[in-house]
Amino acid sequence: MKDQLQRLFQQAIDALVTDNTFNETIKANVQLERSKNSEHGDLACNLALMLAKKASMPPRALAEKIVQSLPDNALIEKIDIAGPGFMNIFLNKSAATAVITQILSEKEHFGRNHSGNGELTQVEFVSANPTGPLHIGHGRGAAVGDSLCRLLRANGFDAKAEFYYNDAGAQIETLMHSTHARLQGLTPESPNWPENAGYLGEYIQDVADSYKNKDTINAKDISVTAKGDPEDLEAIKHFAVAYLRHEQDLDLQAFDVEFDYFFLESSLYTDGKVEQAVDQLIANGKTYEKDNALWLKTTDYGDDKDRVMKKADGYFTYFVPDVAYHLDKWQRGFTRVINEQGADHHSTITRVRAGLQALDKGIPEGWPEYVLHQMVLVMKGGEEVKLSKRAGSYVTLRDLIDEVGRDATRFFLVSRRPDAQLTFDIDLAKSQSNENPVYYIQYAHARAASVLSKIESDKYASADLSLLTTTEEATLLKRLSQYPEVVRAAGEKLEPHQIANYCRELAGEFHSYYNADKIITENDDLSAARAQLVAAVKQVIINALDLLGVTAPDKM
RNA sequence: GCGCUCGUAGCUCAACUGGAUAGAGCAACGGCCUUCUAAGCCGUAGGUUACAGGUUCGAGUCCUGUCGGGCGUGCCA
């Protein structure tokens, strides 16, 4: 509908060009905005303000000429010229209620579009080291990443979720030594606790106990049985990684987050992909040797200094496998990749992109895209809880889900802009769990379901929607018709929190409506029309919450 | 020091590609259940959008500077 209106305004401008109001051809960027204030109509257009100078006439006068030049149409009821020169568009009544019919026929597809054209897109997120349980920071990544996948799919992209396991670095050695020390009956308090056993958390003891019991662990795509030999370091390492991967699987399951693919960093070495990438960089002349190390000329691609690729001790620095990994993503056909990561990784962006450009494989400069989320501060008892895996003080994601609930946790973590820090006060979340915004939205849905259950659906299968005349009804209709645009905007900007805001507004307006007007009245025709509106609201709440991975229960 | 990022009500956060009177929740105060779910609604109060300039018809939003927080800045991952 917006498109149709934009075309109408473009035609009006064209007409004014031919009658010489403008002395040049104007390629107008017609902007239509949803007005916040209902006195300002349904949509507002600022064309006259933007073009006043070029027409060398006052904006309000230009606005009048534009309105006069608009072709006849069935959409617009009237246009007011207001303020400095806004054209406030009031839509036809039947155009406003048409959205109900549309929602009820499209159901769960309402709001979805095909703008992504099925482009193969990958969202990589969480990607935690398999060295401990997931904490709330990973939770934010999981909530945002999963929601991004859902949003992209709603916008017509073929989105795949991927988890990258850093199972090949120094942190895995640390995990091995930590488990080994526990197997020997040591604790971090022991005077002879080894220095290279850096993980001090109690969960390492669980890993050691399980290893000693010769347990079998079934993680996502592997099955490992512990040898039980406390001196076999390789076996310990292998088992510990599997054990903790399984723990993370359970965390993700509890959070209702699914991945299409788990990628192991170690496979990049065993498949020779790291070597291949390095050889290619050397062959392309993008490297040099200095101080016994191999350097990449990242300054050619906007970095502020060159970076070491291969250390003097012969090992690669961490970003080298990252480059190889991203080359692999590209070769798998992901023309679009979005990496959802903690903001502490932002320095890798320049390096990974630089490495990819240096490979000279025709990868676009801005590829891959990044969505970075800021740290989550966890408060408990009025104090900040440090999320240090090494020190062992720890708030796990699963603790949080148990205490606060899955829907509330997900909603909370995804309802803020990712690039702003957020504070998660555990005491507050627990004590006010009934007042969490997610319940407000779910309650709106439950209320709608409850009312509808009181009318047989064939009683409102058809209805005269022109009976919807109250201001609350007009407000709701406007909000509903806005939903497809919100899905599109949130998808384009990769901002799931816009969906959360929309949910809150729709729920609030529905609660107001519910209190202001009876849905079921003496008048059967009116009841039918209102029931259709309620059914449409209910459907859109379901659709929107689904994009956030939050359920919409019928009863609360 | 340099780079990125954020600064909005007492607290936690919104504000669509720059739009009209900056909005919610929590906390505070006052009302609304004989009636479709009160996990709700209505109202009151709360703001120099950190500060100072600039750009323009118009700035919380863009630019410059200052102050403050976070992250990064390693031959750590």
Side-chain angles (χ1 to χ4, degrees), chain A residues 29 31 33-37 39-40 44 46 48-50 52-53 58-59 82-86 88 129 131 166 168-172 174 265 290-295 303-305 307-313 315-319 321-322 342-350 372 374-375 377 412 415-417 419-425 428 432-440 442-444 446-455 482 485-486 488-490 492-493 495 497-498 500-502 504-505 507-508 510-521 527 530-531 534 555-556:
Chain A
N29 173 21
Q31 298 180 9
E33 292 179 4
R34 298 272 160 187
S35 24
K36 292 172 195 162
N37 188 334
E39 283 171 33
H40 296 151
N46 59 4
L49 289 166
M50 291 169 58
K53 250 187 187 168
F86 288 104
N88 290 332
N129 291 341
T131 53
N166 291 102
Q171 78 283 359
I172 299 297
T174 304
E265 181 189 4
K290 193 180 87 178
D291 304 334
N292 279 330
L294 185 67
W295 297 67
D303 206 350
D304 52 356
K305 54 181 159 182
R307 305 291 169 175
V308 170
M309 292 171 60
K310 195 174 192 175
K311 298 183 280 182
D313 63 10
Y315 287 99
F316 292 112
T317 54
Y318 69 92
F319 85 92
D322 265 4
D344 52 337
H345 289 87
H346 74 72
S347 65
T348 70
I349 297 177
T350 313
L372 299 181
Q374 288 288 337
M375 299 293 101
L377 295 174
F412 184 83
S415 63
R416 274 79 160 119
R417 262 178 40 240
D419 59 2
Q421 297 168 53
L422 76 82
T423 303
F424 200 118
D425 187 323
L428 206 69
Q432 296 173 352
S433 61
N434 277 0
E435 283 147 31
N436 192 301
V438 74
Y439 293 104
Y440 182 77
Q442 290 179 323
Y443 184 53
R447 269 182 152 176
S450 174
V451 180
L452 291 176
S453 72
K454 295 198 160 42
I455 316 183
Q482 196 185 341
E485 291 159 35
V486 173
R488 194 180 282 257
E492 277 171 10
K493 300 189 77 178
E495 291 183 345
H497 76 277
Q498 287 193 23
N501 291 340
Y502 177 85
R504 208 163 3 209
E505 279 157 1
F510 178 71
H511 283 309
S512 294
Y513 178 49
Y514 184 89
N515 277 273
D517 295 308
K518 294 291 265 183
I519 311 302
I520 303 169
T521 64
S527 302
R530 289 184 169 174
V534 172
K555 282 186 182 154
M556 289 179 71

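Worth knowing before you read on, the calculation uses all heavy atoms, side chains too, and leaves out hydrogens, waters and symmetry mates. Lettering of chains follows the sequences in order, A, B, ..., and the numbering in each one begins at 1.
In this model, no side-chain donor or acceptor of A:Y439 finds a partner on the base of B:rA39 within 3.5 Å. A donor and an acceptor atom never sit less than 3.5 Å apart when one is taken from the side chain of A:D322 and the other from the base of B:rA77.
Contact check, A:Y440 against B:rC41: a side-chain N or O comes under 4.0 Å of OP1 or OP2. Phosphate contact (OP1/OP2 of B:rA39, side-chain N/O of A:K555, threshold under 4.0 Å): absent. Residue A:K518 has no polar side-chain atom (N or O) positioned under 4.0 Å from OP1 or OP2 of B:rU35. For A:H497, a side-chain nitrogen or oxygen approaches OP1 or OP2 of B:rA15 to under 4.0 Å. At B:rU37, one or more side-chain N or O atoms of A:K454 fall inside 4.0 Å of OP1 or OP2 (strictly under the cut-off).
Of all heavy-atom pairs between A:N88 and A:A82, the closest is ND2-CB, 3.5 Å. Minimum heavy-atom separation, A:K311 to A:F316: CE-O, 4.1 Å.
Distance, A:N501 CG to B:rG23 C1': 10 Å, rounded to whole Å. The CG atom of A:D344 sits 7 Å away from the C1' atom of B:rC71 (whole-angstrom rounding). For A:R447 and B:rC36, the CZ to P distance is 10 Å, given to the nearest whole Å. Whole-Å rounding puts the A:Q498 CD to B:rC13 P distance at 18 Å. Rounded to whole Å, atom C1' of B:rC36 lies 11 Å from atom OH of A:Y443. Separating the CG atom of A:N46 from the P atom of B:rU56 is a distance of 18 Å, rounded to the nearest angstrom. If you take NE2 of A:H346 and P of B:rC4, they are 9 Å apart, rounded to a whole angstrom. Between the CG atom of A:N515 and the C1' atom of B:rG40 there is a distance of 6 Å, given to the nearest Å.
Secondary structure note: stems in RNA chain B built from 3 or more consecutive Watson-Crick or G-U wobble pairs under 3.5 Å occupy B:1-7 with B:67-73, B:10-13 with B:23-26, B:28-32 with B:40-44, B:50-54 with B:62-66.
Put simply, the side chain of A:V438 does not reach to within 4.5 Å of the side chain of A:F412, judged on heavy atoms.
Comparing B:rA59 with B:rA52, their C1' atoms sit 15 Å apart, to the nearest whole Å. Nucleotides B:rA15 and B:rU8 place their C1' atoms 10 Å apart, quoted to the nearest Å.
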Verify side chain to side chain contact (heavy atoms under 4.5 Å, CB included) between A:H40 and A:F86, making sure each step is shown before the conclusion. CA-CA 9 Å; A:H40 296 151; A:F86 288 104; over 6 Å; no
Does the pair A:Y318 and A:N166 meet the rule for a side chain to side chain contact (heavy atoms under 4.5 Å, CB included), with working shown? CA-CA 10 Å; A:Y318 69 92; A:N166 291 102; over 6 Å; no
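The aromatic ring of A:F86 sits over the base of B:rA20, with ring centres less than 5.5 Å apart and planes inclined by under 30°.
Looking at the side chain of A:S450, the nearest of the listed nucleotides B:rU37, B:rA20, B:rU12 is B:rU37. For A:A489, whose side chain is taken as the heavy atoms from C-beta onward, the closest listed nucleotide among B:rC75, B:rC16, B:rU12 is B:rC16.
Applying the side chain to side chain donor-acceptor pair (under 3.5 Å) criterion to A:T521, with sequence neighbours excluded, gives A:S527.
Nearest-nucleotide positions on RNA chain B place A:Q482 closer to the 5' end than the other of A:Q482 and A:H40.
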